[in-house]
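FYI, the numbering just counts along the sequence from 1. Hydrogens, waters and symmetry mates play no part in the numbers below; they use all other heavy atoms, side chains included.
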Amino acid sequence: MARRGHRPSQASSNRPRFWGRHAVTAALANPNRTVRKIWGTREALAALDLPPILPVTFADAADLGRLVPADAPHQGLVAEVDPLEDIWLGDLLHEGQGDQRPLVVLDQVTDPHNVGAILRSAAAFDALGIVTQDRHAPPESGTVARSASGALETVPWIRVVNLARALEEIAEAGFWRIGLTGHANQTLAEAMGTQRICIVLGAEGEGMRQNTEAHCDELAKLPISPKVESLNVSNAAAIALYAVAAR
């Protein structure tokens, strides 16, 4: 089948290490994920159904702690994995034809904890996937996987070279692109209507870039109290996805 739309970014050759029970078991359960090696305590490994060909190293908690960032909550499990193969935006949009699942676009959201949390919310509210610009988004990592709590393996994550062009392709697929920003005049509920929704969120602090806003059909805000200036981007994503699901 011919590939539609612009190409995905080039995958990193570095193998990330995942840690923690949710991230490691989800990686093992994902048929599209290659797990290269696993380290663990005897107790943690005994709870897993591991393929016999997978190299396994028994280790104590202190040894595992040296394999991952300081204070990472590894829960007795660390795995080295290959990054997932890139997915093409056109293929994802084709797969989502005929349903109402929302799409999430992140404009230069670089914090891996936030991207992981947004993946988790996307899984919780059955989003079609998330789209990021390849140069201004974190790579797959243990931090993303841990924050996503398994959702990194189930929610398609599309990396594109040009976000504006991707937003044009998303519009052509029938999505109504709503950019969330505090300076909008209407709330998300007022902007939604009945169309398929693409939620666009800007970076932590700076918000959406001007060109990204220009590629949205409407701008909207969440009805938060004036006592709070703004919400963390992952909290905003969760609330927006709930609003789309509940309309």
Side-chain angles (χ1 to χ4, degrees), residues 5-6 89-90 92-111 114-133 136-137 148 151 155-160 162-247:
H6 48 277
L89 177 58
L92 182 73
L93 295 172
H94 181 73
E95 180 194 318
Q97 280 180 333
D99 67 41
Q100 287 291 106
R101 284 178 290 171
L103 195 56
V104 179
V105 171
L106 305 179
D107 183 19
Q108 302 194 344
V109 176
T110 55
D111 186 315
N114 279 335
V115 173
I118 291 167
L119 282 162
R120 188 175 185 177
S121 293
F125 294 109
D126 197 26
L128 182 60
I130 74 166
V131 180
T132 63
Q133 193 181 12
H136 299 282
V155 176
W157 179 358
I158 315 298
R159 296 172 179 273
V160 299
N162 186 310
L163 202 62
R165 234 182 5 249
L167 283 163
E168 289 170 3
E169 197 176 338
I170 288 165
E172 287 164 10
F175 282 87
W176 191 246
R177 303 160 301 179
I178 301 176
L180 284 189
T181 174
H183 65 250
N185 295 319
Q186 61 182 339
T187 64
L188 177 59
E190 291 164 343
M192 272 196 298
T194 58
Q195 308 99 318
R196 301 171 75 200
I197 300 296
C198 169
I199 298 290
V200 187
L201 294 142
E204 305 89 351
E206 296 82 31
M208 274 180 293
R209 290 171 298 161
Q210 194 171 354
N211 192 38
T212 304
E213 284 196 7
H215 281 82
C216 293
D217 298 296
E218 293 195 68
L219 300 178
K221 61 187 175 183
L222 297 174
I224 62 173
S225 162
K227 296 173 189 172
V228 178
E229 186 185 344
S230 64
L231 288 172
N232 171 285
V233 65
S234 64
N235 290 337
I239 292 165
L241 284 166
Y242 168 75
V244 173
R247 65 182 163 153

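With rounding to the nearest 0.5 Å, the separation of CD in Q133 from CG in N162 is 7.0 Å. Here I197 contributes atom CD1 and L241 contributes atom CG; the two are 11.0 Å apart, rounded to the nearest 0.5 Å. Rounded to the nearest 0.5 Å, atoms CD (Q100) and OG1 (T194) are 7.5 Å apart. The distance from the OG atom of S121 to the CD1 atom of I130 is 10.5 Å, given to the nearest 0.5 Å.
A heavy-atom distance below 4.5 Å is found between the side chains of L92 and L128. Between H215 and R209 there is no side-chain heavy-atom pair separated by less than 4.5 Å. R177 is not listed as a side-chain neighbour of Q195, based on a closest heavy-atom distance of 4.5 Å or more. Using a 4.5 Å heavy-atom cutoff, the side chains of I170 and L103 are in contact. Using a 4.5 Å heavy-atom threshold, the side chains of H183 and E213 count as touching. At least one side-chain heavy atom of N232 sits less than 4.5 Å from a side-chain heavy atom of N114. Under the 4.5 Å side-chain criterion, counting only non-hydrogen atoms from C-beta, I199 is in contact with L188. The shortest side-chain heavy-atom distance between L163 and D107 falls under the 4.5 Å cut-off.
For the pair F175 and R196, the tightest heavy-atom approach, listed with the atom from each and the gap, is CZ-NH2, 3.3 Å. Counting all heavy atoms, side chain and backbone alike, L180 lies closest to A236 at CD1-O, 4.2 Å. A pairwise comparison of heavy atoms in A245 and F125 identifies CB-CD2, 4.2 Å as the closest pair. A203 and V109 make their closest contact through CA-CG2, 4.0 Å (heavy atoms, listed as atom of the first residue, atom of the second, distance). Here the closest non-hydrogen pair linking L89 and E169 is CD2-OE1, 3.8 Å. Nearest heavy atom pair, residue A220 against residue I178, reads CB-CG2, 3.7 Å.
Q186 and E218 share a side-chain donor-acceptor pair at under 3.5 Å.
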Assess the residue pair W157 and L119 against the criterion (side chain to side chain contact (heavy atoms under 4.5 Å, CB included)); give the C-alpha distance rounded to whole Å, side-chain angles, the decisive distance to 0.1 Å, and a yes or no.
CA-CA 8 Å; W157 179 358; L119 282 162; 4.1 Å; yes
Are C198 and V105 close enough, and set up right, to give a side chain to side chain contact (heavy atoms under 4.5 Å, CB included), and what steps lead you there?
CA-CA 7 Å; C198 169; V105 171; 3.5 Å; yes
Residue pair I118, V104: steps toward the side chain to side chain contact (heavy atoms under 4.5 Å, CB included) verdict
CA-CA 9 Å; I118 291 167; V104 179; 4.2 Å; yes
Taking it one step at a time, do C216 and M208 satisfy side chain to side chain contact (heavy atoms under 4.5 Å, CB included)?
CA-CA 10 Å; C216 293; M208 274 180 293; 4.2 Å; yes
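With respect to I239, the side chain to side chain contact (heavy atoms under 4.5 Å, CB included) criterion is satisfied by exactly one of V244, I224, L231: L231. Just one residue in the list L167, L219, D217 forms a side chain to side chain contact (heavy atoms under 4.5 Å, CB included) with V200, and that residue is L167.
Using modelled atom types, one side-chain atom of R247 and one backbone atom of G193 make a donor-acceptor pair closer than 3.5 Å.
Annotation for D99: atom CG counts as buried by contact number, over 12 foreign heavy atoms lying within 6.0 Å.
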